[in-house]
Amino acid sequence: MNEEKYTYLSDEELLSLIEDTENNAMFTAPPDLISDVIGKIEAKERKEKEPAKGDVVRNSVIEYRRFCMRVAIAVAAAIALIFTAPLLMPGIRSGYSDMLSGKYLSGTEQALSKEEVLKRRNIPTKEEVVSSNIPSKEDVLKDSVITDRIRDSHVISDLYNGSNS
Amino acid sequence: MEQYGNLVFSVCLRLTGDYFTAEDIAQETFIAAYNSLDSFDGGAEKAWLCRIATNKCIDYKREAARRLIPTADDEIPETATASDNEPLDKAVCTDLMFRLRNVCENMPEPYREAAVGYFVEGKTAKEISIQSGTELKTVQTRIYRAREMLKKIIRKEDLLE
């Protein structure tokens, strides 16, 4: 067949071809030959460094399973906390037992009215507040302790000294 | 690589008789050489590179022969003088380059300038870009298209001969 006509060159034939080419038939290679070769080698190396598609899928599956595991642990911890918190913290226990008894939900515990809440707090009325011991202007001016304090303050003392001089 | 670029390309051109195939095989030769650098003992790199190049050219010719439909002529025994192992004569290669130049010069603008500069004068895309004041990307595109046009024209001429 045709294929058999093409046999690899022997060492002698190769050396003779190189010598003949160098002496008689040297042609200029395309100018970007070397830069193209370098570009192809770099592209190949870059491709080899990138993880294979199968690896990417496997990594994503592992990452997803880790995420599911974390969520499951967080849910389990939250459920455990709901049941253990009343036992660990007594303050929560009473409120929690009230809640479990359904006292608030069933309406057996009546909510307080506005007036009841105000009575319990003992808030003074407007009149009481007004008639309470607020000193009048004259009392304040007569009170030497207060006037001395005002005089001692920096700005007022400057003004005071200025008016005296 | 730069030292042996012209030699490897010339060897490939002589063995294949096709500018673009020679270019492809020369590139493959350097890539193969880079990949098998570990197995290279360090001596006679010129012969080593040319050995890779000639083997690749022969593989290419074998592959091309396999693709051909066998004819009745294949059954006729080859004469001793008609061996295809012999590399192409220098005159044939010179003729190839001459034809390449002609085709480049007859190309329509703006491909003519890029083709003549790149394939005939041996300028890089960057040099052509600076000289003509055109953007590098544009020059690269023109060279790429000129190459495709050249391949078609030259291979068609070969077929008609």
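Lettering of chains follows the sequences in order, A, B, ..., and the numbering in each one begins at 1.
Grouped with B/Ile25 in one hydrophobic cluster are B/Tyr60, the linkage being side-chain heavy-atom contacts under 4.5 Å among Ile, Leu, Val, Met, Phe, Trp and Tyr residues.
Among B/Ile52, B/Leu49, B/Thr54, B/Leu13, the one residue that satisfies the side-chain contact (heavy atoms from CB on, under 4.5 Å) test with B/Val8 is B/Leu49.
Between the side chain of B/Asn6 and the main chain of A/Ala29, a donor-acceptor pair closer than 3.5 Å is present.
Rounded to the nearest 0.5 Å, atoms CG (A/Leu14) and CD (A/Glu19) are 11.5 Å apart. Put simply, OH on B/Tyr19 and CZ on B/Phe9 are 4.5 Å apart, with the number rounded to the nearest 0.5 Å.
B/Asp18 has no carboxylate O lying under 4.0 Å from a charged side-chain N of B/Lys151, or vice versa, which leaves the two without a salt bridge.
With sequence neighbours excluded, the residues satisfying salt bridge (Lys or Arg N to Asp or Glu O under 4.0 Å) with A/Arg66 are A/Glu63.
Looking at every heavy atom in both residues, A/Leu9 comes nearest to B/Arg51 through O-NH1, 2.6 Å.
Contacts from residues 105-127 of chain B to chain A, taken as heavy-atom pairs separated by less than 4.5 Å, involve B/Tyr118, B/Gly122, B/Lys123, B/Thr124, B/Ala125 in sequence order. Using non-hydrogen atoms only and a strict 4.5 Å limit, no part of residues 130-149 of chain B faces chain A.
For the pair B/Arg62 and A/Tyr8, the distance from NZ or CZ to the six-membered ring centre is under 6.0 Å and the angle to the ring normal is within 45 degrees.
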